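Just so it is clear, the model here is predicted, and its values are computed rather than measured.
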Amino acid sequence: MKLNLLSCDAQRPDKRAIANCITEISLTGNSSLSNELTEILLEGDAVDIEVGDKNSGSALRALRKLDIDYEIID
């Protein structure tokens, strides 16, 4: 499943927690790429990631917990 991460609405976003979440749920699982994607997301640009289908429910819950708005692409 592909997700488009739109924005983070947290008042004080935790960069490390967001990067760890992206690393955990993404199929790529690359921490340096996750750090880059986190910076892009927090600057206000959308980010595309791909999530495994069996992890999709927990991935969506984790994103909601971090106040990240997303849309399901595929």
Would you say E39 and N35 make side-chain contact, with heavy atoms under 4.5 Å?
no
For a side chain to side chain contact (heavy atoms under 4.5 Å, CB included) check, start with the C-alpha distance between E24 and C21, then their side-chain angles and the critical distance, and finish with the verdict.
CA-CA 5 Å; E24 291 290 322; C21 179; 5.8 Å; no
Would you say K2 and D48 make side-chain contact, with heavy atoms under 4.5 Å?
no
Minimum heavy-atom distance T38-K15, with the two atoms named:
CG2-O, 3.7 Å
All heavy atoms of T23 vs all of S31, minimum pair found to be OG1-CA, 3.7 Å
Only one of L6, L5, I49 passes side chain to side chain contact (heavy atoms under 4.5 Å, CB included) with L41; say which it is.
L5
Say whether, by atom type as modelled, one donor and one acceptor occur between the side chain of S7 and the main chain of D9 under 3.5 angstrom.
no
What distance separates N30 CG from E36 CD, expressed to the nearest 0.5 Å?
8.5 Å
If two hydrophobic side chains count as joined below 4.5 Å and joins carry through other members, does L27 share a cluster with L60?
no
Tell me which one of D69, I25, V51 satisfies side chain to side chain contact (heavy atoms under 4.5 Å, CB included) with L63.
I25
Verdict with reasoning, I18 to L42, per side chain to side chain contact (heavy atoms under 4.5 Å, CB included)
CA-CA 10 Å; I18 294 170; L42 294 178; 4.1 Å; yes
Starting from L37, can I reach I73 by hopping between I/L/V/M/F/W/Y residues whose side chains sit under 4.5 Å apart?
no
Would you name the heavy atoms of I40 and A46 that are closest together and state the gap between them?
CG2-O, 4.3 Å
Between M1 and I72, the two heavy atoms sitting closest are SD-CG2, 3.8 Å
